[in-house]
Amino acid sequence: MILILSTEKELLTQNVINWLLYYNIEFKRFNDGDITNPEINISNNTIKINFIDQNECSIDSLTKYWYRRGYLDFTNSLLIGDNDMIIEINKHKTDNDNDIINYIHYYLQTNVSNVNSFNDNSLNKLTELTVARKLGIKIPDTLITTNKNSVLSFIIKHKKVITKPIKRALNFKIEGVNFYTETHLLTANDVMNYPNNFSPIKLQNYIEKAFELRVFYLDGVFYSSAIFSQNDEQTKIDFRNYNESNPNRVLPFNMPKTEEAKFRKLMKALNLNSGSLDIIVTKDGEYVFLEVNPVGQFTQVSFPCNYYLEKQMAISLSKR
């Protein structure tokens with residue numbers, strides 16, 4: 001049986017499940033919000049869990065595990081109250097529960113054939129860049145700083161500079177209004193009103209591109225899409241500054257074998273068997289690595305390029 005951990009809002013998961021149903025492949029999906037007071041038995045490296053539908057899932061009998069997104073959360077029976085003793089007891093209980101959760105994730109990652117794992121969430125974008133550079137893959141010049149003068153020096157050096165999140169983009173909704181971060185150019189005038197020191201920010205030199213690549217990687221195979229974002233001022237800096245009224249043209253693309261070999265080494269070094277890579281192809285034909293999201297979306301690669309990646313994922317999960 002295939003075990004799938006996802007979230008309720010993750011529609012891509014259902015698209016893959018549709019193919020599992022088509023192939024009549026047994027699976028069990030649960031979302032991180034579905035688990036309420038589960039019955040857990042761990043003994044002699046055997047893990048059994050009763051989920052909300054009371055159907056027992058013996059983890060040691062799984063054939064495949066797909067970590068899509070989400071988090072196992074069993075900490076829902078804490079004591080009620082706010083005195084010091086209850087706070088300390090709840091903290092102790094939460095620590096115990098987290099150790100169990102981390103062990104289950106560890107067991108799934110090391111004992112079950114898996115596509116992605118919970119630990120992929122902790123992959124550091126700065127580590128990705130460092131590993132890529134050591135493997136001879138071109139990356140943007142990158143600066144992490146808390147100092148105003150360092151920012152100004154970096155802008156003087158590169159002329160065009162962008163800011164990017166250190167970990168992930170900000171995205172939330174308050175009172176029906178969406179708030180999110182976008183990638184934009186940063187000028188010296190923007191920095192003049194900065195204090196001398198501030199929270200760490202990430203800067204990179206802006207790279208003139210011929211086009212951008214969004215590449216989905218699965219089991220050693222690259223499925224690449226070329227995004228002609230430079231033809232639109234709104235998406236020129238970053239195609240994720242989406243123009244909904246006039247979307248970028250997206251076409252299937254074959255990376256040269258020499259470049260695929262480099263990025264295959266990168267995914268192996270990062271211990272990833274699946275992920276979405278962002279790459280720039282410069283006007284000189286150079287391939288510049290930006291980042292990889294282990295649990296990134298792949299619909300925007302699959303649909304316009306007719307790759308049927310949801311089917312490919314289902315086939316990968318069905319393999320013993």
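In this chain, numbering begins with 1 at the start of the sequence shown.
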Heavy-atom pair of closest approach, residues [X] and [Y]:
X	Y	answer
Ser318	Ile25	CB-CD1, 3.1 Å
Leu290	Pro140	CD2-CG, 3.7 Å
Glu310	Ser302	OE1-OG, 3.0 Å
Ile166	Pro200	CD1-O, 3.6 Å
Tyr217	Met267	CD2-CE, 3.5 Å
Thr145	Ser150	OG1-CB, 3.3 Å

What's the spacing between [X] [atom1] and [Y] [atom2] if we round to 0.5 Å?
X	Y	atom1	atom2	value
Asp97	His92	CG	NE2	9.5 Å
Leu218	Leu317	CG	CG	8.5 Å
Thr63	Glu26	OG1	CD	8.0 Å
Leu309	Asn306	CG	CG	10.5 Å
Gln109	Asp120	CD	CG	7.0 Å
Phe298	Arg214	CZ	CZ	12.0 Å

Side-chain donor-acceptor pair present, [X], [Y], cut-off under 3.5 Å:
X	Y	answer
Thr282	Glu208	no
Thr7	Asn31	no
Ser122	Asn119	no

**Item:** ring-ring contact (aromatic ring centres under 6.0 Å, His included) contacts touching residues 253-273 (sequence neighbours left out)
**Value:** Phe211-Phe253
Decide if atom [atom1] of [X] counts as having more than 12 heavy atoms of other residues, nucleotides or ligands within a radius under 6.0 Å.
X	atom1	result
Asn24	CG	no
Asn271	CG	no
Asp95	CG	yes
Asp82	CG	no
Phe198	CZ	yes
Asp84	CG	no

Cluster link [X] to [Y], ILVMFWY, side chain under 4.5 Å:
X	Y	value
Ile156	Leu143	no
Phe154	Ile162	no
Phe118	Tyr103	yes
Phe303	Ile227	no
Leu108	Val295	yes

**Asn196 vs Asn147, side chain to side chain contact (heavy atoms under 4.5 Å, CB included): CA-CA, chis, key distance, verdict** = CA-CA 6 Å; Asn196 290 329; Asn147 181 265; 5.6 Å; no
Give a yes or no answer on whether the side chain of [X] reaches the backbone of [Y] with a donor-acceptor pair at less than 3.5 Å.
X	Y	result
Asn114	Tyr67	no
Arg29	Leu5	no
Lys148	Met192	yes
Tyr307	Gln312	no
Asp190	Leu186	no

Are any non-hydrogen side-chain atoms of [X] and [Y] less than 4.5 angstrom apart?
X	Y	result
Val115	Ser316	yes
Thr142	Leu203	no
Phe289	Ile280	no
Met255	Ile279	yes
Ile201	Val151	yes
Val250	Cys305	yes
Lys159	Tyr206	no
Ile4	Phe27	yes

**Request:** I would like to know whether Lys262 and Arg264 meet side chain to side chain contact (heavy atoms under 4.5 Å, CB included); could you show each step before the answer?
**Result:** CA-CA 5 Å; Lys262 292 179 184 178; Arg264 192 173 287 109; over 6 Å; no
**Message:** For a side chain to side chain contact (heavy atoms under 4.5 Å, CB included) check, start with the C-alpha distance between Phe216 and Ser274, then their side-chain angles and the critical distance, and finish with the verdict.
**Reply:** CA-CA 7 Å; Phe216 184 66; Ser274 179; 3.4 Å; yes
Contacts table for residues 125-138: side-chain donor-acceptor under 3.5 angstrom, sequence neighbours left out:
from, atom 1, to, atom 2, distance (Å)
Lys125, NZ, Glu291, OE2, 3.3
Glu128, OE1, Val292, N, 2.9
Thr130, OG1, Leu126, O, 3.0

**Prompt:** Looking at Glu10, Glu8, Lys9, which one forms a side chain to side chain contact (heavy atoms under 4.5 Å, CB included) with Ser6?
**Reply:** Glu10
**Message:** Working note: Ile2 + Leu20, criterion side chain to side chain contact (heavy atoms under 4.5 Å, CB included); need CA distance, chi angles, decisive distance, verdict.
**Reply:** CA-CA 10 Å; Ile2 298 167; Leu20 294 176; 4.1 Å; yes
**Asked** Who pairs with Lys265 by salt bridge (Lys or Arg N to Asp or Glu O under 4.0 Å), at least two apart in sequence or on another chain?
**Response** none
**Prompt:** Which of parallel (below 30°), tilted (30 to 60°) and perpendicular (above 60°) describes Trp19 and Tyr22?
**Reply:** perpendicular
